[in-house]
Number of protein chains: 2
Amino acid sequence: MQAPLKTGELARAAGVNVETIRFYERKGLLPEPPRRSSGYREYPIGAVRRIRFIQRAKSLGFTLREIKGLLELRVDPDTTCDVVRERATEKIADVRQKIADLRKIEKALRKLTDSCSGNGPKETCPILVHLETFQESSL
Amino acid sequence: MQAPLKTGELARAAGVNVETIRFYERKGLLPEPPRRSSGYREYPIGAVRRIRFIQRAKSLGFTLREIKGLLELRVDPDTTCDVVRERATEKIADVRQKIADLRKIEKALRKLTDSCSGNGPKETCPILVHLETFQESSL
DNA sequence: CTTGACCCCGTACCTAGGTACGGGTTTTAT
DNA sequence: ATAAAACCCGTACCTAGGTACGGGGTCAAG
């Protein structure tokens, strides 16, 4: 029989805030569920999995917009494994780019801290001097 | 004599939007400049360097809040090189943490795409299956 | 049958870092 | 002298991903 879930029950079951559920509905990540005559939402138990799907995809760095796309792929009968794989591959490229950007920043910062003994007055601090001095961005 | 700059001139000289200058002023990153009797702001030429400082610090991953702190350090007579170095070191730790997080994500995504041949129907796609299946977060 | 917990909705608020708009002065160039 | 350009201010808007609030209806236990 598996009784339908009320919003709060779904939220607890999925480990998210009630408001988050309504937010996802507004964003099109959760389909509008049937309503009781009183207006109360009635979620099928499967909704828990859908929310967990969203949370897991989020933890892999997908944005809600992208997750919406993944969820649509899941429903589309023409979707092949291939398309899904492609999304994941794109996301890897994304993540790698972010890592590369951060590494450049790390390197630049390291160069600065290495050049700074930590002694002496701020007037000669290589870090401040760097920030104060005109130069083509090293990044 | 070095004539003071009007807001638009400062913006052009520093390569930012006029609105950005007013925004920085509201945020306390730029001190309120003297005004002409008409209300027009009159910036000393040094303001250009201050804005460039902000832009460079931004490119090193500092937030505006942190940059405000750096600018205050610069003015504080008690600041030593040491304190500045510490800020940069903290930021490196920050950046490294972000890189580590992204690497975990990359690894998880790579594991998924590696496990997916790209052939076959979505029903058996290891990526979707992973997202759909309950499991302790691997991240 | 009442009371408290839960649900509804719309809207506002939050962080970060700006950008844009609109209506009213002032400056500047012709 | 007049018109365009630049400036002023306050406020609203933007992305992302929610969280919070307030007023009102509903549901279930005692």
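What you see is a predicted model, and the numbers here were worked out from it, not measured in a lab. Labels below follow one simple rule: chain letters A, B, ... track the order of the sequence lines, proteins then strands, and each chain is numbered from 1.
Between B:Phe23 atom CZ and C:dT19 atom P there is a gap of 9 Å when expressed in whole angstrom units. Going from atom CD1 of A:Ile67 over to atom P of D:dA16 covers 12 Å, rounded to whole Å. Rounded to whole Å, the distance from CG on B:Leu30 to P on C:dG17 is 15 Å. Across the protein-nucleic acid pair, A:Asp94 atom CG and D:dA16 atom P stand 13 Å apart, rounded to whole Å. Following rounding to the nearest Å, A:Leu64 (CG) and D:dA16 (P) show an atom-to-atom distance of 9 Å.
Nearest-nucleotide mapping onto DNA chain C: of B:Arg36 and B:Gln55, the residue sitting toward the 5' end is B:Gln55.
With rounding to the nearest 0.5 Å, the separation of CG in B:Leu29 from CD1 in B:Ile54 is 4.5 Å.
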Seminar exercise, completed: A correct 5'-to-3' footprint of nucleotides 1-15 of chain D, with B, S and - meaning base, sugar-phosphate only and no protein heavy atom under 4.0 Å, is -----BSSBB-----
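No option in A:Ile92, A:Asp94, A:Thr89 other than A:Ile92 meets the side-chain contact (heavy atoms from CB on, under 4.5 Å) test with B:Leu109.
Taking a cutoff of 4.0 Å between a charged side-chain nitrogen and a carboxylate oxygen, A:Lys6 and A:Glu42 do not qualify as a salt bridge.
Both the sub-6.0 Å distance and the 45° axial angle are not jointly satisfied by B:Arg50 relative to the ring of B:Tyr24. Figure legend: B:Lys91 and B:Phe62 shown as a cation-pi pair, the cationic atom lying under 6.0 angstrom from the six-membered ring centre and within 45 degrees of its axis.
The phosphate of D:dA16 (OP1 or OP2) has no side-chain N or O of A:Lys58 nearer than 4.0 angstrom.
Applying the 6.0 Å contact sphere to CZ of B:Arg110 captures more than 12 heavy atoms from other residues, nucleotides or ligands.
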